[in-house]
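A short worksheet on the structure shown next.
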2 protein chains.
Amino acid sequence: MFMSKILIVDDERDIVELLSYNLEKEGFSIVKAYDGVSVFNVIATKKPDLMILDLMLPGMNGLDVCKKVRANPATAGLPVIMLTAKGEELDKIIGLEIGADDYMTKPFSVKELIARVRTILRRSQDKPETKLTEAFHYKGLAINYASCAVKIDSKPVTLSPMELKLLFFLSRNPGRVYSRNQLLDHVWGDDTFITDRAVDVHIRRLRSQIEKDMENPRYILTIRGFGYKFADTK
Amino acid sequence: MFMSKILIVDDERDIVELLSYNLEKEGFSIVKAYDGVSVFNVIATKKPDLMILDLMLPGMNGLDVCKKVRANPATAGLPVIMLTAKGEELDKIIGLEIGADDYMTKPFSVKELIARVRTILRRSQDKPETKLTEAFHYKGLAINYASCAVKIDSKPVTLSPMELKLLFFLSRNPGRVYSRNQLLDHVWGDDTFITDRAVDVHIRRLRSQIEKDMENPRYILTIRGFGYKFADTK
DNA sequence: TCCATCTGTCATCAAACTGTAACATTGACT
DNA sequence: AGTCAATGTTACAGTTTGATGACAGATGGA
């Protein structure tokens, strides 16, 4: 099995070196870029299998880079791991909406980054076509992922950031049951340290916004002993 | 749900006591070691689920302990949280050379340490991202493992957690007979201590939900003297 | 700065679940 | 048929789980 080629994009040379040293040690081959403008050239010529992208870049914002990569059909399938500084909470949402496959907040563990690179590569090899839907509709609940808009029976609902993320994640995998821990991993991210009971509370808050009958939820269902899921849409 | 066992390694007894008191209060069980040499014995005999390791130790440096733990395949997967004094070379600890899963600098907040312990355990426990079959169908019984949904002739059935687990396990190994004790091990887990007759009761409950004719079960069959099995699907 | 919102934790409560024990039934074998 | 062991059935009490409301710290904007 041949080893994947990874593109690292960051203006901080130290970080690029740190990552490329470690990833090379793991057998990956590395391509580098230090600003947002040259990225596209590199992608076109070197054809990397995965891109690690810093959010703050000279020339062009990381988000814009990601958008543009996604917009081009030739590169739309390129897996992206976004690097962000801590506290860019909102950007996390946007980053995922834009179509980053994962993100990590600085400072991060190199070991973990490598682990994620592996995971994402494995995933992208399994599922060649990951197309992100823009919108979702089910029984009067309308979700527009791109604009972060949620409506119940055509009436707009305002959700807090966490509620949005939770709803996005669950609705994107309808019918699938997730344990609290899995939700913590996927929705909150690995760098948070909170109790799994917090999930209950957010589920409840989300429900109170979108469910009419809290006793008999239509969208967010509880599977006792297992976790939660979005209703089976089939 | 069983609680994890945590090994605390530090030569400062005060710290060990502080941590073990607080972690025990959270429901973890604790094992202690006060020097680097005895650690390996303790790991081998007590099988902790996570190790909290001080960097400065008599006998053997914390880094070396960590390295050695990683070098041994039997213990390589043991999550490690490293305790360090401020200003030590953190890069080496995290990810690069050693492979600690996380670190905290002294003085640290006990609360935060507990939070990290939880997170790391969550991550290491959730690992089975195995690709199991998602669905199963046999003689009018439909099981969707991912969504925890069971249907009889297209009609949804609600099962309790244990019933679900039992059905999942048996149906994933159709035709194969399991004794009550084997079922206890596989379905309940190795660390439960209940009467094997409890299995009967659950089998009964499960049957009453999915079998039409309790006298002549179609799915869950009794093999007198041996145990139970899911019907042979071939 | 103050105020509103958001988040995570906790204590509490009701409902659902689970294990046990006692009793009933079945099946194998004499 | 009679006997014994294995299995089925039922009721019950203790435990677990998820829902809920309140609260304090954090965050961000005006």
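Every chain is numbered from 1 and lettered A, B, ... according to where its sequence line falls, protein lines coming before strand lines.
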The salt bridge (charged side-chain N to carboxylate O under 4.0 Å, His left out) partners of B:D14 (sequence neighbours excluded) come to none
I'd like to know if the side chain of B:N144 and the backbone of B:S147 have a donor-acceptor N/O pair within less than 3.5 Å. yes
Are A:F168 and A:Y145 near enough that their ring centres are under 6.0 Å apart? yes
Compute the ring centroids of A:F136 and A:F230, then answer whether they are less than 6.0 Å apart. yes
Interatomic distance, B:L166 CG vs C:dC17 P [rounded to whole Å]: 15 Å
Would you list the pairs meeting ring pair (Phe, Tyr, Trp, His ring centres under 6.0 Å) in which at least one residue belongs to residues 200-226 of chain B, sequence neighbours left out? B:W188-B:H202
Counting only side-chain N and O atoms of B:Y228, is one of them less than 4.0 Å from OP1 or OP2 of D:dG8? yes
Distance in Å, B:S179 OG paired with B:I223 CD1, rounded so as to fall on 0.5 Å steps: 12.5 Å
d(CZ, B:F226; C1', D:dA5) in whole Å: 15 Å
Contact residues, residues 209-224 of chain A to DNA chain D [heavy atom, < 4.0 Å]: A:M214, A:T222, A:R224
Salt bridge (charged side-chain N to carboxylate O under 4.0 Å, His left out) against A:D200, all qualifying residues, sequence neighbours excluded: A:R180, A:R197
Whether each nucleotide of nucleotides 4-10 of chain C has a protein heavy atom under 4.0 Å at its base (B), only at its sugar-phosphate (S) or at neither (-) is summarised, 5' to 3', as --SBBBB
Rounding to a whole Å, what distance do you find between B:L164:CG and C:dA16:C1'? 14 Å
Can you measure B:L183 atom CG to C:dT18 atom C1' for me and round it to whole angstrom units? 16 Å
Expected output: side-chain B:E211 to main-chain B:R218 donor-acceptor under 3.5 Å: yes
What is the bend of the helix from C:dT1-D:dA30 to C:dT30-D:dA1 when you compare the axis at one end with the axis at the other, using five pairs each and rounding to 10°? 30°
Donor-acceptor pair, side chain of B:K5 and main chain of B:V31, under 3.5 angstrom: no
Nearest heavy-atom contact between B:L50 and B:L78 is N-CD1, 3.7 Å
Just one of A:V9, A:I8, A:I81 clears the side-chain contact (heavy atoms from CB on, under 4.5 Å) bar with A:M51, so which one? A:V9
To the nearest angstrom, how far is B:I203 atom CD1 from C:dT18 atom C1'? 15 Å
Interatomic distance where CG belongs to B:L206 and C1' belongs to C:dC17 [whole Å]: 15 Å
Looking at D:dA19, I'd like to know if its phosphate oxygens (OP1 or OP2) sit under 4.0 Å from a side-chain N or O belonging to A:R204. no
